[in-house]
Protein chains: 2
Amino acid sequence: MQSRQYDYRYGCSVEATLDVIGGRWKGVILFHLMEGTKRFNELQRLVQGCTQRMLTLQLRELEKDGVVKRTVYAEVPPKVEYSLTEFGRSLEPILLMMRDWGDRYVSQLVEQKSKVGVGFD
Amino acid sequence: MQSRQYDYRYGCSVEATLDVIGGRWKGVILFHLMEGTKRFNELQRLVQGCTQRMLTLQLRELEKDGVVKRTVYAEVPPKVEYSLTEFGRSLEPILLMMRDWGDRYVSQLVEQKSKVGVGFD
DNA sequence: CTGTATCCCCTATGATACTG
DNA sequence: CAGTATCATAGGGGATACAG
C-alpha cells in the first residue's frame, strides 16, 4: 500500500490512514517504535520475517509520510536511529486499539478451530 | 492484503488487524457499513473508485474474516444486504479514530503544499 | 440486481549478493 | 552497521464481458 500522490482526493479519510499504516510491515514497525527510538538492526530483530530491503523501504515511506524520523550519526560504523515524529505519536491510540482487537481476533480463530462448524453472527 | 492462514503465528497482533482491515477498499467499506445495512449497489455508489469485482472480492474476505454478514433474499431481482457482524462492530472505535487521523493527515498534506520546504519533525 | 469469468498488468514483496 | 543493487515472482487489482 504505497501512499498515493499528495493531491489525491481520498473518498474517505479512513483510506488516507490506511495508506500510511497499511503496508505489509508498517503497523508492526510503528508499534515497536512506540516503545522508543530504535536502531535499524534492532528493528530488524523485532520485525520478524521482514527482510532488510523491505525494512528499508517501509521506513522510507513512513518517513516520507511524516510519521517516522530518521537520524543519522556521523560515525563509523554507521549508526541510524528511527523514532516516531510527534505526528507519528498521534497514531499510538490507534495502534494500541489495533493490537487489542488483533488479540481478540486471533483468539477467535483459535476458538473457531476447536469448535468446527460454529460460524460468526 | 489477503488474510493469511488461520494457523499463521502473527509476530504482533497489529499485523492480524491489518490483515483484516488493510485491504485496498476494506476500510472504506467497513466505514460505510457502520452507518447501517447496505445493499450491494449502495456500497458500489459509496465506495468511489472500487470496481464491481473488487467490491465482491473484498466483501467476501470481510465475510470470511467474520466482520461482515451477507444476507441473501430469495427475490427476483436479487437482493443482497451487507452489515457488520457484532464482532465487526467492535472495529467501530478503530475506524472512527482512523477517520479522524486521516482528516488530520490530509490537512497536513494541504498545509505542506502551501509552505514548501517545511518538513516534519 | 448481484454477481462470475477472463485476460492482463503492474507493483509490492521476496531472495540474494554486494558496499561505504 | 546500514543500507543498495538486481533479479524474480505472486497476486492484488483493473477492464471488460457475460450470466442467473
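Throughout, a chain's letter reflects where its sequence line sits, starting with A, and its residues are numbered from 1. Everything quoted here is computed from the prediction, not taken from an experiment.
Side-chain atoms of Arg39(B) lie closest to dC1(C) of the nucleotides dG3(C), dG13(D), dC1(C). Listed nucleotides: dG13(D), dG3(C), dT13(C). Nearest to the side chain of Trp25(A): dT13(C). In this structure, of dG13(D), dG14(C), dT2(C), it is dG14(C) that holds the atom nearest to the side chain of Met54(A).
Contact annotation: Tyr82(B) side-chain N/O to dC1(C) OP1/OP2 distance is not under 4.0 Å. Regarding contacts with the backbone of dG13(D), a side-chain N or O of Gln58(B) is found under 4.0 angstrom from either OP1 or OP2. A close approach under 4.0 Å does occur between a side-chain nitrogen or oxygen of Arg60(A) and OP1 or OP2 of dT4(D). Side-chain N/O atoms of Arg70(B) include one lying less than 4.0 angstrom from OP1 or OP2 on dG3(C).
Atom CG in Leu57(B) sits roughly 14 Å away from atom P in dT6(C) (whole-Å rounding). As a whole-Å value, the separation of Glu75(A) CD from dG20(C) C1' is 15 Å. Straight-line distance from the CG atom of Asn41(A) to the P atom of dG3(D): 10 Å, rounded to whole Å. Residue Phe40(A) contributes atom CZ, which lies 6 Å from atom C1' of dA2(D) at whole-angstrom precision. Rounded to an integer number of Å, the gap from Leu59(A) CG to dT13(C) C1' is 15 Å. Here the P atom of nucleotide dT9(D) and the CZ atom of Arg24(A) are 20 Å apart, to the nearest Å.
No contact: Glu81(A) has no heavy atom under 4.0 Å from any strand. Nucleic acid contact for Gln52(B): base, since at least one base atom lies under 4.0 Å from a heavy atom of the residue. Within 4.0 Å of Tyr73(B), counting heavy atoms only, lies no atom of the nucleic acid at all. Across all strands, Glu42(B) comes closer than 4.0 Å to no nucleic acid atom at all (heavy-atom distances).
Comparing Pro78(A) and Thr51(A) along DNA chain C, the residue whose closest nucleotide (by nearest heavy atom) sits nearer the 5' end is Thr51(A).
For Arg24(B) and Glu15(A), the salt-bridge test passes: some basic side-chain N is under 4.0 Å from an acidic carboxylate O.
The cluster map of Ile, Leu, Val, Met, Phe, Trp and Tyr, joined by side-chain heavy atoms under 4.5 Å apart, puts Phe40(A) and Val72(A) in the same cluster.
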Please tabulate, for the side chains in residues 89-99 of chain A, all donor-acceptor contacts under 3.5 angstrom to protein atoms that are two or more places apart in sequence or on a different chain.
from: Arg89(A); atom 1: NH1; to: Leu84(A); atom 2: O; distance (Å): 3.4
from: Ser90(A); atom 1: OG; to: Phe87(A); atom 2: O; distance (Å): 2.4
from: Ser90(A); atom 1: OG; to: Trp101(B); atom 2: NE1; distance (Å): 2.8

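Applying the 3.5 Å distance criterion, the base of dT4(C) shares no donor-acceptor pair with the side chain of Arg53(B).
The residue from Lys38(B), Lys69(B), Arg70(B) that alone fulfils the side chain to side chain donor-acceptor pair (under 3.5 Å) condition with Tyr82(B) is Arg70(B).
Between the side chains of Asp19(B) and Tyr105(A), no donor N or O sits under 3.5 Å from an acceptor N or O.
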